[in-house]
Student: 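The structure is given below, and queries will be raised subsequently.
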Amino acid sequence: MVTYDQIYDVIVVGAGHAGCEAALAAARMACRTMLVTINLDAIALMSCNPSIGGLAKGHLVKEIDALGGEMAKNIDATGIHFRILNAKKGPAVRASRAQADKQLYRIRMKRVLEQQENLDLKQGEVTSLYVENGELRGVELQSGIRYLSKTVVVTTGTFMRGLIHIGLNHYPGGRAGDQPSVGLSDQLKVLGFNVGRLKTGTPARLDARSIDFSKMETQFGDDLPQPFSLSTEKICLPQIPCHIAYTNERTHDIIRSGLDRSPLYSGIIEGVGPRYCPSIEDKVVRYPEKDRHQTFIEPEGLNTTEVYPSGMSTSLPIDIQIAFYRSIAGLERVEIMRPAYAIEYDYVDPIQLHNSLETKVIKNLYHAGQINGTSGYEEAAGQGIIAGINAALRATGREPLVLTRSQAYIGVMIDDLVTLGTQDPYRMFTSRAEYRLLLREDNADLRLREIGHQLGLVSDDEFDLFTKKRRMIAEEMGRIACTRLVNSSSQLTVLANRGIENIQKGTTLEHLLKRPDVCYADLAELDTVSRETPQQIREQVEIQTKYKGYIDRQLQQVEQSKKLETARIPVNLDYASIKSLTTEVREKLSKNRPDTLGQASRIPGITPAAISILAIALKSSSWKDNGQ
């Protein structure tokens, strides 16, 4: 084994969405970083749906951007169909989503990585971690070279012992066209990690030239596409529509006829699939009462005929795939360019992680992405940027960054994973966040931009723009709180035209804006200063004014929970010695090893009484934190 002559601060293994964010974060924090992946031409490849964002996922992308990550900028530069989901609902559940030009997305991200200072890109397969005398010192490649580093971030995606299934045929692969990673997961088991098996899948890719789109519903994007990133001024690529089609009873009959050759139903697949994104055969079997299922026919790019039938993932044999796709209106003559497949892969139980994403088993080792049991590009990228930040902080002798459940969806996701673990691929939903009114897409910068700047991930120029925006919001909130109606004839006319009567003279603009039938645009008709207010300031002022009571209530809840969230539990605490805890509670705490009392309180089966006993034990004990 040859040892390379450069000692890195951070080595990132894998260049999917988690790996890209981890490597960029570490390098931008002035750490000497190496990103190693099996295929440099597959950096940030969208293996499944070529889209970014969606319900709750859009929140993650905005948070990554606020911290100084790259995903939002990348989709803005390569997006070809932008939509705001839940636009007519409350601000907490509105979500941005965009289709990407799949190849442009990959190419641009690779270019960003190549141009990043302090970052070396290497092609190769990491077959093992280099551990010497119990200390992590780097990684070893199949090619016979060893790279040394202070920290390592593992983001292997679906590659660890990846196995692809199409009907009863199966073969090793990290995804179609790529070799799996072999050896690393076996070593992780030997080192003491609990390794499990998960499964995911993808639909076939269809040839648009063989599709009759006139038989489908056309879905256009928003007339004025809204960027994801705070740094993007406008969307420049041409925008193209998607189309909606539906399965039918004949489709379902064909699918049922192939279940005897389905690896999912014949017991060949061992891994647990995603609960919230089931395959089409799963949908047909689980919901026999439904006579149709919807699919979005989504373009994969501006210069390709390949399209993606969303919601139609399957591992059925190819002859069944051809038959059921062709049973759908508009797809009667469709040609499959790439068959659908399922993939099984190894993951590591995330309860073996701290909230920093450092492993509890090996110091200076971080896990991010699907190795932690998550699904989705956005979930992976959110973990990636945190793992990269914390690896860089560790390499430079600084305290880790831990985002709380009240700060970010990223914090909710990581806390869910490290506290509860997961038995099936974890997907983010707004319903997972108890403080979701505080964690909106529109205020991600107000929550996280300052953190990104302190870390060195947000430039001074970008931060200056943010501080100007924050100041303008505060000033406008103060202004409308003390600006009063004089009930001039023009003001009364505007109010009457909107059906608003009996407004007393001296009513503040703030009080008026709290009414459900008044929006900030109405203030602009009543008040000359309001007409000059920029749109992004208007949005924040309106939301903060209308939802102030609810927001204040959630802030109070956050304040009440702070004692638990900040009460740290020593890593060497012997739970067996706390005899007043039940045996069940002691076993659960010993298994999970929570970092704080707040984290312990969210472990299933840990009662408030148990938390009180634990808090008393911590105060009275002589336990000393051994520096996790």
Side-chain angles (χ1 to χ4, degrees), residues 46-51 54 57 157-158 162-171 173-176 196-206 244-298 300 307-328 331 334 336-345 347 370 373-377 379 422-427 429:
M46 295 174 134
S47 309
C48 200
N49 195 338
S51 71
K57 293 171 177 281
T158 60
L163 187 65
I164 290 172
H165 297 269
I166 302 176
L168 300 182
N169 299 313
H170 54 269
Y171 55 91
R175 59 184 162 226
R197 198 85 168 141
L198 294 177
K199 165 255 175 188
T200 189
T202 188
R205 303 308 193 271
L206 310 178
I244 302 173
Y246 298 91
T247 63
N248 52 59
E249 285 297 347
R250 182 164 166 259
T251 311
H252 301 173
D253 287 341
I254 294 169
I255 289 169
R256 292 187 193 100
S257 74
L259 291 179
D260 61 327
R261 291 186 289 148
S262 163
L264 190 62
Y265 286 93
S266 60
I268 294 176
I269 290 179
E270 300 172 1
V272 181
R275 185 186 315 178
Y276 304 106
C277 189
S279 64
I280 187 61
E281 58 264 41
D282 236 3
K283 292 178 184 178
V284 169
V285 171
R286 278 202 237 165
Y287 310 108
E289 73 284 357
K290 294 200 70 170
D291 57 8
R292 69 175 190 174
H293 295 280
Q294 182 176 263
T295 177
F296 289 88
I297 308 298
E298 300 171 331
E300 292 225 327
V307 295
Y308 178 98
S310 178
M312 301 285 279
S313 66
T314 183
S315 56
L316 288 165
I318 188 64
D319 57 310
I320 299 295
Q321 290 187 35
I322 293 170
F324 87 69
Y325 279 120
R326 287 182 176 175
S327 69
I328 296 171
L331 301 181
V334 74
I336 292 178
M337 297 179 73
R338 307 183 200 222
Y341 62 88
I343 181 168
E344 287 186 279
Y345 57 95
Y347 82 108
Q370 285 176 286
T374 59
S375 69
Y377 311 142
E379 288 88 345
T422 187
Q423 302 301 313
D424 54 78
Y426 177 99
R427 179 177 178 175
F429 292 102

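Along the sequence shown, residues carry numbers from 1. Values reported hereafter were calculated over all heavy atoms of this structure, with side chains retained and with hydrogens, waters and symmetry mates removed. Owing to the predicted nature of the structure, the values given are computational and were not obtained by experimental measurement.
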Student: Might you work through the side-chain contact (heavy atoms from CB on, under 4.5 Å) test for H293 and H252, ending with a clear yes or no?
Tutor: CA-CA 10 Å; H293 295 280; H252 301 173; 3.6 Å; yes

Student: Distance check, rounded to the nearest 0.5 Å: Y345 atom OH versus T158 atom OG1?
Tutor: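 Answer rounded to 0.5 Å: 7.0 Å.
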
Student: Is there side-chain contact between R175 and T202, with at least one heavy-atom pair below 4.5 Å?
Tutor: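 Counting from C-beta outward, R175 and T202 never come under 4.5 Å.
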
Student: Could you tell me whether the side chain of Y246 and the main chain of D291 form a donor-acceptor pair under 3.5 Å?
Tutor: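 Judged by distance alone, no pair lies under 3.5 Å.
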
Student: Short question: side chain of E344, backbone of E270 - any donor-acceptor pair under 3.5 Å?
Tutor: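 Here the side-chain-to-backbone pair exists.
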
Student: Between the main-chain N or O of Y426 and the side-chain N or O of S375, is there a donor-acceptor pair closer than 3.5 Å?
Tutor: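 Checked: pair present.
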
Student: Where do R205 and Y308 land on the side-chain contact (heavy atoms from CB on, under 4.5 Å) test, with the steps shown first?
Tutor: CA-CA 5 Å; R205 303 308 193 271; Y308 178 98; 3.6 Å; yes

Student: Can K57 and Y377 be said to form a side-chain contact (heavy atoms from CB on, under 4.5 Å), step by step?
Tutor: CA-CA 9 Å; K57 293 171 177 281; Y377 311 142; over 6 Å; no

Student: Name all residues meeting the salt bridge (Lys or Arg N to Asp or Glu O under 4.0 Å) criterion together with D253; count only those two or more places apart in sequence or in a different chain, and write none if there are none.
Tutor: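 Per chain and number, D253 pairs via salt bridge (Lys or Arg N to Asp or Glu O under 4.0 Å) with R256.
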
Student: With sequence neighbours left out, write down each residue that passes ring pair (Phe, Tyr, Trp, His ring centres under 6.0 Å) with Y287, or none if nothing qualifies.
Tutor: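 Counting only residues at least two positions away or on another chain, Y287 forms no ring pair (Phe, Tyr, Trp, His ring centres under 6.0 Å).
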
Student: Can you establish whether the number of heavy atoms outside Q423 located under 6.0 Å from its atom CD is more than 12?
Tutor: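 Not buried by this count: 12 neighbours or fewer within 6.0 Å.
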
Student: For S315, is there any backbone N or O sitting under 3.5 Å from a side-chain donor or acceptor partner on E281?
Tutor: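 Yes.
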
Student: If only atom types and distance count, is the side chain of K199 paired as donor or acceptor with the main-chain N or O of L264 below 3.5 Å?
Tutor: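 Absent.
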
Student: Among side-chain atoms of R250 and S327, is any donor-acceptor pair under 3.5 angstrom?
Tutor: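 On atom types as modelled, these side chains do not qualify, holding no pair under 3.5 Å.
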
Student: Closest heavy-atom contact between S313 and G201?
Tutor: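 In this case the closest contact between S313 and G201 is CB-C, 3.9 Å.
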
Student: Over all heavy atoms of both residues, which pair between R286 and P278 is shortest? Give the atoms and the distance, please.
Tutor: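 Heavy atoms of R286 and P278 come nearest at NH2-CB, 3.6 Å.
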
Student: Quick one: pull up CG in L206 and CD1 in I336 and give me the separation to the nearest 0.5 Å.
Tutor: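 So the CG of L206 and the CD1 of I336 are separated by 6.5 Å.
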
Student: Ignoring hydrogens and angles, tell me if any N or O in the side chain of T295 forms a donor-acceptor pair with the backbone of G311 under 3.5 Å.
Tutor: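 Answer holds: no.
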
Student: Just wondering, do P263 and H170 contact through their side chains at under 4.5 Å, heavy atoms?
Tutor: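 In short, these two side chains do not touch, never coming nearer than 4.5 Å.
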
Student: Working to the nearest 0.5 angstrom, can you tell me the gap between R326 CZ and I254 CD1?
Tutor: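 Here the rounded value is 11.0 Å.
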
Student: Would you say Y347's side chain and T374's backbone share a donor-acceptor pair under 3.5 angstrom?
Tutor: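 Side chain of Y347 to backbone of T374: no pair is present.
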
Student: Does the side chain of S257 come within less than 4.5 Å of I320's, by heavy atoms?
Tutor: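 Contact flag for I320/S257 side chains = yes.
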
Student: Quick one: does Q321's side chain have a donor or acceptor within less than 3.5 Å of a partner on A340's backbone?
Tutor: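 Flag set: sc Q321 to bb A340 pair under 3.5 Å.
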
Student: Rounded to the nearest 0.5 Å, what separates atom CD1 in I343 from atom OG1 in T200?
Tutor: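 That separation rounds to 8.5 Å.
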
Student: Quick one: which of P203, P309, S310 gives a side-chain contact (heavy atoms from CB on, under 4.5 Å) with E298?
Tutor: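 Of the listed residues P203, P309, S310, the side-chain contact (heavy atoms from CB on, under 4.5 Å) partner of E298 is S310.
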
Student: Measuring from atom OH of Y265 to atom CG of L316, what distance do you get when rounded to the nearest 0.5 angstrom?
Tutor: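 That separation rounds to 9.5 Å.
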
Student: Going through the distances and angles, do Q370 and L198 end up as a side-chain contact (heavy atoms from CB on, under 4.5 Å)?
Tutor: CA-CA 9 Å; Q370 285 176 286; L198 294 177; over 6 Å; no

Student: Partners of Y325 by ring pair (Phe, Tyr, Trp, His ring centres under 6.0 Å), sequence neighbours excluded?
Tutor: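 In terms of ring pair (Phe, Tyr, Trp, His ring centres under 6.0 Å), with neighbours along the sequence ignored, Y325 is linked to no residue.
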
Student: Just verifying a value: how many Å separate D282 CG and I255 CD1, rounded to the nearest 0.5 Å?
Tutor: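 It is 11.0 Å, given to the nearest 0.5 Å.
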
